[in-house]
Number of protein chains: 2
Amino acid sequence: MKNSIDQLPARQQQALKTRQKLLKAGKEVFLENGFQKATISQVIKKAETGYGTAYVYFKNKDELFITLMEDLMNQFYKVAEMPFKPQAKEVAYENIKRQVRLFLQLALDERNMMKVVKEAIGVSPEIEEKWYGIRERFIERISVDIRYAQSQKLAKENLDPVLTARGWFYSNEMFMWELVMNEEKYQIDDVIVNLTRMYTGGLYE
Amino acid sequence: MKNSIDQLPARQQQALKTRQKLLKAGKEVFLENGFQKATISQVIKKAETGYGTAYVYFKNKDELFITLMEDLMNQFYKVAEMPFKPQAKEVAYENIKRQVRLFLQLALDERNMMKVVKEAIGVSPEIEEKWYGIRERFIERISVDIRYAQSQKLAKENLDPVLTARGWFYSNEMFMWELVMNEEKYQIDDVIVNLTRMYTGGLYE
DNA sequence: TGTTTGATTGACACTATGTCAATGATATAA
DNA sequence: TTATATCATTGACATAGTGTCAATCAAACA
C-alpha cells in the first residue's frame with residue numbers, strides 16, 4: 001500500500017481530505033441542481049470549507065465537474081476502444097448489436113450523472129471539448145471497422161468510411177441522449193434492433 | 001397598407017421603433033459575442049436606450065433571442081412540412097437527396113446565426129424546447145414517408161417507422177451542426193450522397 | 001389647458017464569481 | 001523544546017451581471 005493516504009504527512013493528508021470533501025459535495029450539488037444552477041457557494045457550504053478553498057483545488061465550476069466526470073468518461077473511452085473484426089454479415093450484425101448495447105447501457109447505468117453531463121456540454125466549451133474527444137474516438141474506431149469490412153467485401157465500397165462512421169455514431173449518440181433524458185419513452189432493445197437493422201441493411205428493399 | 005407603422009399614433013410608433021432598435025442591436029451583439037457572453041447591457045448600449053427598456057419589451061435575454069430566431073425557425077418548419085410520396089426506389093433516392101440538401105443548405109445559408117442557435121440550445125431550456133419542436137416535426141413527417149414507402153412495399157416492413165425516422169433525422173441534424181461549426185471539414189455534396197446511400201441501402205452487401 | 005395614460009429610465013437590491021492578504025496549523029531545523 | 005518556514009485555509013472584497021420599480025417625461029385626450 002505504498003502512497004496510501006495514511007502514510008502521507010498529516011498536512012497532505014488533510015489537503016487530500018479537503019479535496020475529497022469538495023468532490024463529494026460537488027457531486028451531490030450537481031446531481032441535485034444540475035450544472036447551471038449549481039454554485040460554488042452551495043458546494044463549499046455542503047463541504048463545510050471556507051469559500052476560497054474550492055478555488056485552491058479547482059480553477060472553477062467547470063474544472064470541478066470535469067474531475068467528477070473523468071471516471072465516467074474513461075468508461076466511454078474503454079467502450080470506444082473495443083474494435084471488432086466481423087467475418088460474415090450475420091456475425092457482424094451480432095457484434096454491432098453488442099457494441100450498441102454496451103454504449104447505451106453505460107449511459108443508462110449512470111443516467112443521473114449523464115443528464116448533468118448533457119447540460120454541462122451545452123454550457124461549458126471545455127466540457128464540450130471532452131465529449132467531442134470521446135465522439136471522435138468512437139468515429140475513428142468505427143471507421144476502422146468499416147474499412148476492414150470493405151476490404152473483406154462484406155460492406156459496400158461506395159460508402160466513405162469516415163462519413164458513414166460519423167453518421168452511424170450520431171444516431172447512436174442521439175438515441176443515447178434520448179434514452180437518458182426520457183427514461184420510459186422507448187425500449188432499449190427496440191432501439192438497438194432498429195438501429196442495427198438500419199445500419200447494416202438500410203431502409204429500402 | 002393598413003396597419004402600417006406610419007399610421008399608428010406617435011406613441012405606439014415610438015414604442016415599435018424602440019423595440020426594433022433593441023432587436024437590431026440584439027442581433028448584432030449575439031452575432032459578435034455568442035449567446036452566453038452577450039449581455040443586456042451591451043444590447044441597450046448599442047440600441048441607445050435606458051437599461052430598464054429592454055425588460056419592457058423582452059422578459060430576458062432568452063426571450064429576446066427567441067424573437068430573433070423566429071424567422072429562421074419558421075423556415076425550418078417549412079422544410080419539415082414538405083412530404084413526399086416516393087414511387088420507385090430511384091425516385092425516392094432523388095427525393096431524399098433533395099430534402100437533405102434543403103435542410104443542410106438552409107442551415108449553411110444562416111451559418112452565423114445557427115452557430116449562436118447551437119450555443120443557445122445548450123444554455124437555455126426554452127430555446128432547447130423550440131429546437132426540439134422542429135426536430136419532432138421533422139421526425140413525424142419522415143415517419144409518414146416511411147410508412148407510405150412500406151405500404152407500397154418499397155421499404156422493409158421490419159423497421160419501426162418512428163425509430164427509423166428518428167435515427168435518420170439525428171444523422172442529418174448532427175451533420176448539419178458539424179457543417180455549421182466546421183465550414184471546411186466536409187464537402188456538403190459528399191455528406192448528402194453518403195447519408196442518402198446509407199439510409200436507403202445500408203452498409204452491408 | 002389640464003389631466004391621464006403609458007413609454008422610458010437608472011438607481012437599487014440581489015446573486016454569483018474569482019482573488020488575495022491574512023491567519024493558523026504543521027513540518028523542520030537549531 | 002523552541003523558533004522559523006511552509007503551506008492549507010479563509011472570508012472580505014472588487015467586479016460583473018440580473019431583474020425590478022418608483023419616478024419622470026411626453027403624447028393623447030377631454
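Worth knowing before you read on, the calculation uses all heavy atoms, side chains too, and leaves out hydrogens, waters and symmetry mates. Residue numbers begin at 1 in each chain, while the letters A, B, ... track the order of the sequences.
- Put simply, OH on Y57(A) is 12 Å from C1' on dT10(D), counting in whole angstrom units.
- Note: NZ (K17(B)) to C1' (dT8(C)) measures 15 Å, nearest angstrom.
- Applying the 4.0 Å criterion to OP1 and OP2 of dT9(D), one finds that T18(A) has a side-chain N or O inside that range.
- When rounded to the nearest whole Å, the span between CD of Q13(A) and C1' of dA8(D) equals 14 Å.
- Considering only residues two or more places apart in sequence or on other chains, F30(B) meets the ring pair (Phe, Tyr, Trp, His ring centres under 6.0 Å) condition with F35(B), F65(B).
- Taking the six-membered ring for Trp, F76(B) and F103(B) have ring centres closer than 6.0 Å.
- Near DNA chain D, meaning a heavy atom under 4.0 Å from it, residues 42-55 of chain A has T49(A), G50(A), Y51(A), G52(A), T53(A) in order of number.
- One can place CD1 of I40(A) at 18 Å from P of dT15(C), the figure rounded to the nearest angstrom.
- For A15(B), whose side chain is taken as the heavy atoms from C-beta onward, the closest listed nucleotide among dT9(D), dA7(C), dT18(D) is dA7(C).
- For R11(B), taking side-chain heavy atoms from C-beta onward, the closest of the listed nucleotides dA27(D), dT26(C), dT18(D) is dA27(D).
- For Y51(B), the ring pair (Phe, Tyr, Trp, His ring centres under 6.0 Å) partners two or more places apart in sequence, or in a different chain, are Y55(B).
- Proximity of a side-chain donor or acceptor of K156(A) to a complementary backbone N or O of G202(B) within less than 3.5 Å is detected.
- In this structure the side chain of R166(A) never reaches within 4.5 angstrom of the side chain of N194(B), judged on heavy atoms.
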Any N/O pairs under 3.5 Å between the protein and nucleotides 2-4 of chain D? List them or say none.
none

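- The distance from atom CD of Q36(B) to atom P of dT18(D) is 12 Å, rounded to the nearest whole Å.
- At distances below 3.5 Å, at least one donor-acceptor pair connects side-chain atoms of T196(B) with backbone N or O atoms of I192(B).
- For the pair F58(B) CZ and dT8(C) P, the computed distance is 12 Å after rounding to whole Å.
- Sequence neighbours left out, the pairs with a member in residues 68-82 of chain B that pass side chain to side chain donor-acceptor pair (under 3.5 Å) are E81(B)-R137(B).
- In this structure, CG of L64(A) is placed 11 Å from P of dT17(C), rounded to the nearest angstrom.
- Scored by the side-chain contact (heavy atoms from CB on, under 4.5 Å) test, A25(B) finds V43(B), K46(B), A47(B) as partners (sequence neighbours excluded).
- With 3.5 Å as the limit, one finds a donor-acceptor pair spanning the side chains of W131(A) and E173(A).
- Per the geometry, CD belonging to Q12(B) stands 10 Å off P belonging to dG6(C), to the nearest Å.
- Taking for each of A38(A) and V56(A) the nucleotide of DNA chain C with the nearest heavy atom, the 5'-most of the two is the partner of A38(A).
- Residues Q14(B) and N60(A) both approach DNA chain C. Their nearest nucleotides, taken by heavy-atom distance, put Q14(B) toward the 5′ side.
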